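Please read these numbers as outputs of a predicted model, since none were measured by experiment. For the numbers below, each heavy atom of this structure counts, side chains included, while hydrogens, waters and symmetry mates do not.
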Amino acid sequence: MMTDSEMMQVNEQVSNGENITGAEALLRCLIEEGVDTIFGYPGGAIMPVYDKLLDYQDKIKHILTRHEQGAAHAAQAYAMVTGKPGVCFATSGPGATNLVTGIANAYLDSVPVVFITAQVVSTLIGSDAFQETDILGISMPVVKWNAQVKKPQELPETIAKAFYIATTGRPGPVLIDITKDAQIEKLNFKYRKCNYLRSYNPHIPLHRREIESAAIMINHAEKPLILAGHGILISGAEKELLQFAEKTGIPVAMTLLGLSAFPSGHRLCAGFLGMHGNYAANTLTNEADLIIAIGMRFDDRVTGNLKKYAKNARIIHIEIDEAEINKNVIVDIEINNDAKEVLTELIPLVEKKSYEYWIREFRIRDKVEYDKVIKPETRPEAGKIKMGEVIRMVSDLTKGDAIIVTDVGQNQMAVARYYEFTAPGSLVTSGGMGTMGFGLPAAVGAKIGRSDKQVVAFIGDGGFQMTIQELGTILHYKVPVKLIILNNSFLGMVRQWQDMFFEKRYASTEMVNPDFVTIASGYSIPARSVSERKDLADSLTEMLKAEGPYLLEIKIDKEANVLPMVEPGASVSEVTLTYKS
């Protein structure tokens with residue numbers, strides 16, 4: 001980080017204008033935007049930038065991941081836990097294309113990441129030169145904005161626009177492609193942050209008339225339900241949501257990315273929505289007479305069969321992206337504004353209420369779910385170790401205050417169900433894309449972003465091997481992250497579907513796994529493998545107390561399914577609570 005005197009010196013140089021290369025100008029731009037960490041991987045076309053990076057090591061930390069996809073996921077996780085835009089570097093050709101999964105992941109989950117790729121010299125563009133790829137065309141569907149820089153003079157304005165677009169309105173990834181000659185040639189450098197773009201209006205004036213109408217509707221509801229999404233966390237509206245819920249007495253259910261927006265143990269917490277969500281939250285959606293959807297997009301995993309979704313309810317949709325309103329579900333009141341601003345305006349207008357009868361309906365169904373699903377999963381009396389008991393034990397040991405990272409599949413759904421989040425923004429997971437391999441590099445990015453927090457990653461044996469090379473990043477930077485491999489020797493979620501819908505025909509889902517403990521030792525990471533319940537508590541305590549990184553493999557029930565489940569094509573009321581294969 002720069003001292004005050006260094007910052008003053010840089011500002012002085014900027015105001016006077018300096019004759020510097022485009023590569024150095026890029027780094028100066030990033031410093032002006034407050035960037036202190038970059039995740040990336042060098043290559044031929046971006047070499048001028050990396051060469052200059054050596055001169056700025058005291059101002060910008062570069063994390064060399066072992067694959068560009070790892071850099072993209074790490075940058076996204078860094079952004080999710082810090083609230084600052086992530087930054088990711090890659091070279092041209094395969095370096096740039098290796099970012100695409102990570103770019104799409106950030107796009108679908110509305111996370112601000114500035115991706116910077118290098119390109120062949122401008123005179124070779126279109127000639128199929130070595131490692132030339134049209135990354136602008138490839139990335140266009142999965143970025144909020146992208147641009148190519150062919151002249152160094154274009155760099156400052158383009159970078160300023162990139163940060164402004166990435167972080168305002170509904171945030172998301174942007175990509176800047178910089179030709180090699182633009183990195184080498186010089187410009188008279190001056191930098192001005194962007195705070196306005198013609199035809200781009202990220203801050204929409206409050207729709208007060210709609211907010212007033214919403215308040216009237218809320219005050220007259222008998223069975224209202226709040227659906228809280230990722231937009232609550234993005235807008236920093238956790239306190240306003242809590243205040244709103246406590247004043248109105250309305251229960252709060254959360255989407256996957258909305259988890260941690262509302263305290264798990266709160267009396268108004270209705271739990272997790274979606275395909276593997278809580279029984280009460282799902283089924284009572286179809287009994288509510290009013291749904292207040294805040295910062296969520298009515299994803300198919302949340303709604304189930306749209307033709308049968310929330311037919312008894314009027315719907316208020318508070319959403320910053322106008323394109324999401326009336327896209328999947330037709331609503332009664334549209335409030336196209338920022339969640340925090342709307343809730344701040346709404347709180348004084350709503351009446352203080354208590355819906356004891358309605359809340360009791362949630363508690364009754366919670367008890368049914370506890371007896372049929374949660375107790376057997378978190379407190380098994382015999383048999384193999386269950387995912388749920390591992391996750392609930394970690395939740396208890398960390399008091400729900402750790403940053404939890406997941407991969408995708410059964411491990412992800414089990415974490416969403418059984419970890420009791422108490423701190424806002426403490427879940428890092430891949431929502432819209434459902435990217436296997438996300439967990440390991442994301443854990444690295446989360447820990448680098450929040451070194452003050454315990455970071456625990458739950459990863460399946462399949463997903464772990466997709467980005468296993470990022471153990472090298474942990475070794476290189478001694479990242480003290482805690483990794484739990486929930487090993488069932490299957491691609492667990494795919495196997496579950498094969499079990500339930502394909503007559504138990506396990507096609508290409510059973511895994512022959514390596515010795516994870518031996519692999520970890522090769523990266524100088526302490527590790528342990530556990531298969532007996534009697535060793536579980538001790539091993540988890542040992543892992544959490546370790547000063548550095550630690551890998552714990554837990555061998556779990558091979559053919560256990562994550563339940564409840566809203567099966568494909570079913571209504572959210574048609575929940576499978578128990579299943580015998």
>> As a quick check of understanding, evaluate side chain to side chain contact (heavy atoms under 4.5 Å, CB included) for Val87 and Phe163, giving each step before the final call.
In response: CA-CA 10 Å; Val87 177; Phe163 276 87; 4.0 Å; yes
> Should Leu486 and Val390 be marked as a side chain to side chain contact (heavy atoms under 4.5 Å, CB included) after you check the CA-CA gap, both sets of side-chain angles, and the distance that decides it?
Replying inline: CA-CA 9 Å; Leu486 295 169; Val390 176; 4.1 Å; yes
>> Checking Phe244 against Ile218 for the side chain to side chain contact (heavy atoms under 4.5 Å, CB included) test, could you report, in this order, the C-alpha distance in whole Å, the side-chain angles of both residues, the deciding distance, and whether it holds?
In response: CA-CA 11 Å; Phe244 176 70; Ile218 291 165; 3.8 Å; yes
> Would Thr398 and Gln454 satisfy side chain to side chain donor-acceptor pair (under 3.5 Å), going step by step from the backbone distance to the final call?
Replying inline: CA-CA 8 Å; Thr398 59; Gln454 181 79 273; over 6 Å; no
>> Applying side chain to side chain donor-acceptor pair (under 3.5 Å) to Glu287 and Asn312, what does each step give before you reach the verdict?
In response: CA-CA 6 Å; Glu287 293 191 19; Asn312 295 323; over 6 Å; no
>> Could you go through Phe262 and Phe421, starting from their C-alpha distance and side-chain angles, then the distance that decides it, and tell me whether this counts as side chain to side chain contact (heavy atoms under 4.5 Å, CB included)?
In response: CA-CA 8 Å; Phe262 195 80; Phe421 296 94; over 6 Å; no
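Here the side chain of Asn282 pairs no donor or acceptor atom with the backbone of Val566 at under 3.5 angstrom. Using a distance-only test at 3.5 Å, with no hydrogens or angles considered, no donor-acceptor pair links the side chain of Lys353 to the main chain of Lys247. Using a distance-only test at 3.5 Å, with no hydrogens or angles considered, no donor-acceptor pair links the side chain of Asp535 to the main chain of Val530. Although no hydrogens or angles enter the test, the distance criterion places a donor-acceptor pair under 3.5 Å between the side chain of Arg392 and the main chain of Tyr418. Checked by atom type and distance alone, the side chain of Asn305 pairs as donor or acceptor with a backbone atom of Gly569 at under 3.5 Å. Counting only distance, with no hydrogens or angles, the side chain of Asn337 and the backbone of Val342 share no donor-acceptor pair below 3.5 Å. Of the possible polar contacts, none joining the Glu240 side chain to the Ala339 backbone as a donor-acceptor pair under 3.5 Å is found. Listed for the Asp461 side chain is a donor-acceptor partner under 3.5 Å among the backbone atoms of Ser489.
Counting heavy atoms of neighbouring residues, nucleotides and ligands inside a 6.0 Å radius, atom NZ of Lys327 exceeds 12 of them. Heavy-atom contacts from other residues, nucleotides or ligands closer than 6.0 Å to NZ of Lys555 number 12 or fewer. The neighbour count for Arg363 CZ, taken as heavy atoms of other residues, nucleotides or ligands under 6.0 Å away, is above 12. The environment of Lys504 atom NZ is dense: over 12 non-hydrogen atoms of other residues, nucleotides or ligands sit within 6.0 angstrom. No more than 12 heavy-atom neighbours from other residues, nucleotides or ligands sit within 6.0 angstrom of CZ on Phe502. Residue Arg528 qualifies as enclosed at atom CZ: its count of foreign heavy atoms under 6.0 Å is above 12.
Between the CG atom of Asp396 and the OG1 atom of Thr378 there is a distance of 9.5 Å, given to the nearest 0.5 Å. Of the inter-residue distances, the one linking Thr303 atom OG1 with Lys308 atom NZ reads 12.5 Å to the nearest 0.5 angstrom. In this structure, NZ on Lys558 lies 8.5 Å from CG on Asn488, to the nearest 0.5 angstrom. Taking CD1 of Ile485 as the reference point, atom CG of Leu552 lies at 8.5 Å (rounded to 0.5 Å). Distance CG/Leu225 to CG/Leu284: 8.0 Å, rounded to 0.5 Å. With rounding to the nearest 0.5 angstrom, the CG atom of Leu256 is 12.0 Å from the CE atom of Met296.
Listed by first then second residue, pairs satisfying side-chain hydrogen bond (donor to acceptor under 3.5 Å, both in side chains) with a partner in residues 214-233 number zero, not counting sequence neighbours. For residues 490-499, every residue pair satisfying the salt bridge (charged side-chain N to carboxylate O under 4.0 Å, His left out) rule, not counting sequence neighbours, is listed here: Arg495-Asp499. Counting only residues at least two apart or in different chains, side-chain hydrogen bond (donor to acceptor under 3.5 Å, both in side chains) contacts with residues 429-444 comprise Asn105-Ser430, Asn105-Thr435, Thr406-Thr429, Gln412-Thr429.
Centroid-to-centroid, the aromatic rings of Phe39 and His73 stay 6.0 Å apart or farther. Aromatic ring centroids of Tyr355 and Tyr357 lie 6.0 Å or more apart.
For the pair Leu241/Ile226, a side-chain contact is recorded, criterion being any heavy-atom separation below 4.5 Å from C-beta on. In this structure, the side chains of Leu440 and Phe464 come closer than 4.5 Å at one or more pairs of heavy atoms. The shortest distance between side-chain heavy atoms of Leu551 and Lys482 does not fall below 4.5 Å.
The shortest heavy-atom contact between Val562 and Gln496 is N-OE1, 2.8 Å. Taking every heavy atom of both residues into account, Glu389 and Lys384 meet most closely at OE2-O, 4.1 Å. Of all heavy-atom pairs between Ala281 and Leu273, the closest is O-CD2, 3.8 Å. The minimum heavy-atom distance linking Ala313 with Asp332 is given by the pair O-OD2, 4.3 Å.
Remark: the His266 side chain and the Glu246 side chain contain an N/O donor-acceptor pair separated by less than 3.5 Å. No hydrogens or angles considered: a donor-acceptor pair under 3.5 Å links the side chains of Asn286 and Ser573. The closest side-chain donor-acceptor pair between Arg170 and Ser110 falls under 3.5 angstrom. Between Ser264 and Glu420, the side chains place no donor N or O within less than 3.5 Å of an acceptor N or O (distance only, hydrogens not considered). Inspection of the Asn336 and Glu319 side chains reveals no N or O donor paired with an N or O acceptor under 3.5 Å. Side-chain contact, Arg450 with Thr82: no donor N or O sits under 3.5 Å from an acceptor N or O. Glu567 and Thr576 form a side-chain donor-acceptor contact under 3.5 Å, judged by distance and modelled atom types alone.
Partner of Leu268 under the side-chain contact (heavy atoms from CB on, under 4.5 Å) criterion, out of Leu242, Ile250, Thr248, Ile359: Ile359 alone.
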